[in-house]
Amino acid sequence: MTSSGQPRTQWLGRWGFMLAATGSAVGLGNIWKFPYITGEFGGGAFVLVYLACIFAVGVPVMMTEIAFGRRGQGSPVDAIRRVVNESGRSSVWSLIGWMAMLCGFMVLSFYVVVAGWSFSYLWKMLTGGLSGSSVNDMAAVFGANNANPLNLGFWSTLVTLLTMLIVGKGVQKGIERSVSWMMPGLVIMLVILIGFGLFSGGFGAAVNFLFSFNAGSLSSEGLLAALGHAFFTLSLASGAILTYGSYLPKGASIGRTTVSVAVADTVVALMAGLAIFPVIFANGMDPGEGPGLIFMSLPLAFQAMPLGTLFGILFFLMLSMAALTSAISMVEATVSWLCDNKGISRPAAAWGTGIVLWLISTLAMLSFNLGADWTLAGKTFFDWLDYLTSRWMMPLGGLGMVVLAGFILKSDTFREELGLAPLPYALWLTMVRYVSPLGIVVIFVDALGVYQVSFAAHWPWLLGILVTMAALGESLSPRLRSALRTG
C-alpha cells in the first residue's frame, strides 16, 4: 500500500521484474569492463572466482534489497522505514534509504552524459561520421565530440528525455513494456554480432582470451576486481533494485529470481565479450583499452571489415539500449518517492525530476569542455559525482543494508519475506551477517586507495576477521543458532 492507501503497482509477472532488474544490471560497464577483466585475470579461472563473489556478496545483498522493497512496499526511504518500524527499531535507519535514493540520482546525473556518447556514436555510424585511418584519428573524433558542449549536451538531454518519457508512463506501461522488447532485442543483437565474429578470423583468439583457465593470471588485483564487479554490476545500494523489488508480486520467489538475474547479467556480459573481441583480435588491436575500446578501436575495426557499417550500427544500438535500461532504473526510486509522499502524478514526478536531473547533468557534461577547469581538489564536477557515489555512498549503503538485515531487525521479518527453506535461509543469514559485510569492507577500503590489499599476503588476516565476526555474532545473538536449528 502507498501512503495514500492505494494498492502498489506490481509487475505483470516475475519475468517483468527479471527483465527490468537485468536491464538495470547490464549497462555500459558490463559491455566492455567485464569481458576485459575476465581475459586479463585468467579467463575461466576469473569467471569462477567472480561467480563465487556474486554468491557471497552480490546475491545476498540483492536478496536483502528486494526483500526490503517488497516488505516495505515503497521507495527506499519508505520501505526501510516501514520495515524497521515493524521490528520496533528507530526510523533513523531510514537514512540508509535516503542515501540509496540520492546515490541513484547522482549516478544518473553523470551516467546520462556517458550514455549520450552511445547515442552520439550510433548517429555517427548511421550518417558516416566515424571515419579515420588510425586509433589516433578516432581519438580525435572522440575528443571533438566531447569538446562541443552543444553536441554533447544535445545527446545527454536526449537520454534524459527518453528516460523520463518511459518512467513517466508507469511501471507496467512504461518500464515493463519497454524492457520487454529492449532486453530481448539487446540479446538478439548480441547473437547477430557473435555470428559476425565467427567469420571475422578472430573468434578463436577471443574464446581463448575469455575462457582459457589460467589460474596463474589471477592475482590479488584480479580477486579485488572480481569482488568489486560482483557488487557494482547488480546496481546494488543505489535504490534501483529495492524499488523494483517493491513491485514484485508476493508469490514470486526472491531467491530464484535473484539468482536468475545474476546469471543473466553474467551471461550477457560474456556474450558481449564474444561479440567485441573477435573484431578486435581480427584487426590486431589491443583488447585492454577500457572505454577507448568502444569509442576508438571498435569503430576503426568496423570500418575495415565487410558489412562493418551495418554491424557497427547494431553494436551502438545495442549499447544505447543497455545504457537506457540502466538509466530507467536509477531514477525510479526518486519518482516513486515523489508519487507516494507528495501526491504528485507519475508524469509530473518524472518530468519534474527530469528538469532537476538535466540541470545537474549539464554541469557534469560541461566538465568535458567549458567547465574542464572548474575543479575542486583536482576533480571536476563529473569526477566528484563518480567519486562520491562509487567510493563512498554505494559501499556504505550496501554495508548498512546488510548490517540492518542481519543484526538489527527481527529475524522473522526476512524469514517470512524470503520464504526460504531452513538450510537456504540459514546460509543467507550467515552470508548477510559475516561474509557480505567483510567483502563490502574490502571493496570500500580498496576503492578509497587506503592501501592495496594483497590477498596472497593478507588472506590469513581476512579469514581471521571473518572467523572472529562469526564467533562474536554467535555469542552476542542467539538468532543465528535458532535459524540453523529451526529455520
>> Let me confirm one number: the CE-CE distance from Met63 to Met431, rounded to the nearest 0.5 Å.
In response: 11.0 Å
> Do Phe17 and Tyr247 have ring centres separated by under 6.0 Å?
Replying inline: no
>> Using side-chain heavy atoms (C-beta onward) and a distance below 4.5 Å, is Ser156 in contact with Leu152?
In response: no
> Do the two ring centres, one from Phe34 and one from Tyr50, sit under 6.0 Å apart?
Replying inline: yes
> Which atoms form the tightest heavy-atom contact between Phe231 and Ala237, and what is the distance?
Replying inline: CZ-CB, 4.3 Å
> Mind checking whether Phe382 and Phe368 have ring centres under 6.0 Å apart?
Replying inline: yes
> Do the side-chain N and O atoms of Asn30 and Thr233 include a donor-acceptor pair separated by under 3.5 angstrom?
Replying inline: yes
> Which atom pair, heavy atoms only, marks the closest approach of Ala56 to Ser436?
Replying inline: O-OG, 2.8 Å
> Does any donor atom in the side chain of Ser75 or Ser336 lie under 3.5 Å from an acceptor atom in the other side chain?
Replying inline: no
>> For a 4.5 angstrom cut-off between non-hydrogen side-chain atoms, does Val435 reach Pro60?
In response: no
> Would you say the ring centroid of Trp98 lies under 6.0 angstrom from that of Trp337?
Replying inline: yes
> Less than 6.0 Å separating the ring centroids of Trp11 and Tyr244?
Replying inline: yes
> Taking all atoms of both residues into account, what is the closest heavy-atom pair of Tyr111 and Leu28, and its distance?
Replying inline: OH-N, 3.4 Å
> NZ of Lys379: more than 12 outside heavy atoms within 6.0 angstrom?
Replying inline: yes
> Tell me, do Met183 and Thr22 make a side-chain contact under 4.5 Å, heavy atoms counted?
Replying inline: yes
>> Contact between Val49 and Phe41 at the side-chain level, heavy atoms closer than 4.5 Å - yes or no?
In response: no
> Is the number of heavy atoms from other residues, nucleotides or ligands under 6.0 Å of Lys169 NZ greater than 12?
Replying inline: no
> Are any of the side-chain heavy atoms of Ile54 and Leu234 separated by less than 4.5 Å?
Replying inline: yes
>> Determine whether Val279 and Leu298 satisfy the following criterion, side-chain contact (heavy atoms from CB on, under 4.5 Å), listing intermediate values before the conclusion.
In response: CA-CA 7 Å; Val279 178; Leu298 268 179; 4.0 Å; yes
>> Evaluate Thr157 against Trp358 for side chain to side chain donor-acceptor pair (under 3.5 Å), listing each step before the verdict.
In response: CA-CA 7 Å; Thr157 299; Trp358 181 81; 2.8 Å; yes
>> Please identify which of these residues, Phe316, Trp155, Trp123, Phe142, meets the ring pair (Phe, Tyr, Trp, His ring centres under 6.0 Å) condition with Trp117.
In response: Phe142
> Would you say Ile313 and Phe302 make side-chain contact, with heavy atoms under 4.5 Å?
Replying inline: no
> Do Trp384 and Phe381 make the cut of ring centroids closer than 6.0 angstrom?
Replying inline: no
> Do you know the tightest heavy-atom contact between Pro76 and Ala333?
Replying inline: CD-CB, 3.7 Å
> Do Met401 and Phe68 have side-chain heavy atoms sitting under 4.5 Å apart?
Replying inline: yes
>> What verdict does the side-chain contact (heavy atoms from CB on, under 4.5 Å) test give for Leu300 and Met285, after you've listed the backbone C-alpha separation in whole Å, the side-chain angles of each residue and the deciding distance to 0.1 Å?
In response: CA-CA 10 Å; Leu300 190 65; Met285 295 179 175; 3.6 Å; yes
> Looking at Val442, Val432, Leu399, which one forms a side chain to side chain contact (heavy atoms under 4.5 Å, CB included) with Pro437?
Replying inline: Leu399
> When rounded to the nearest 0.5 angstrom, what is the spacing between CE in Met62 and CD1 in Ile241?
Replying inline: 4.0 Å
> Which atom names give the shortest non-hydrogen contact between Ser326 and Ser24, and what distance separates them?
Replying inline: OG-O, 3.2 Å
>> Once rounded to the nearest 0.5 Å, what's the spacing between atom CG of Leu102 and atom CE of Met393?
In response: 4.0 Å
>> One pair to check against side chain to side chain donor-acceptor pair (under 3.5 Å): Asn148 and Asn369. What are the steps and the verdict?
In response: CA-CA 7 Å; Asn148 186 337; Asn369 36 72; over 6 Å; no
>> Nearest 0.5 Å, please: how far is CE in Met125 from CG in Leu130?
In response: 5.0 Å
>> Run Met138 and Gln303 through side-chain contact (heavy atoms from CB on, under 4.5 Å) and show every step you take.
In response: CA-CA 11 Å; Met138 290 301 177; Gln303 186 177 279; 3.7 Å; yes
> Stepwise, does the side-chain contact (heavy atoms from CB on, under 4.5 Å) test hold for Leu223 with Phe46?
Replying inline: CA-CA 8 Å; Leu223 292 170; Phe46 177 86; over 6 Å; no
> Going by an N to O cut-off under 4.0 Å, is there a salt bridge joining Glu332 and Arg346?
Replying inline: yes
> Of the non-hydrogen atoms in Gly202 and Phe281, which two are nearest, and what is the gap between them?
Replying inline: O-CB, 4.0 Å
>> Is the shortest side-chain heavy-atom distance between Phe196 and Leu310 below 4.5 Å?
In response: no
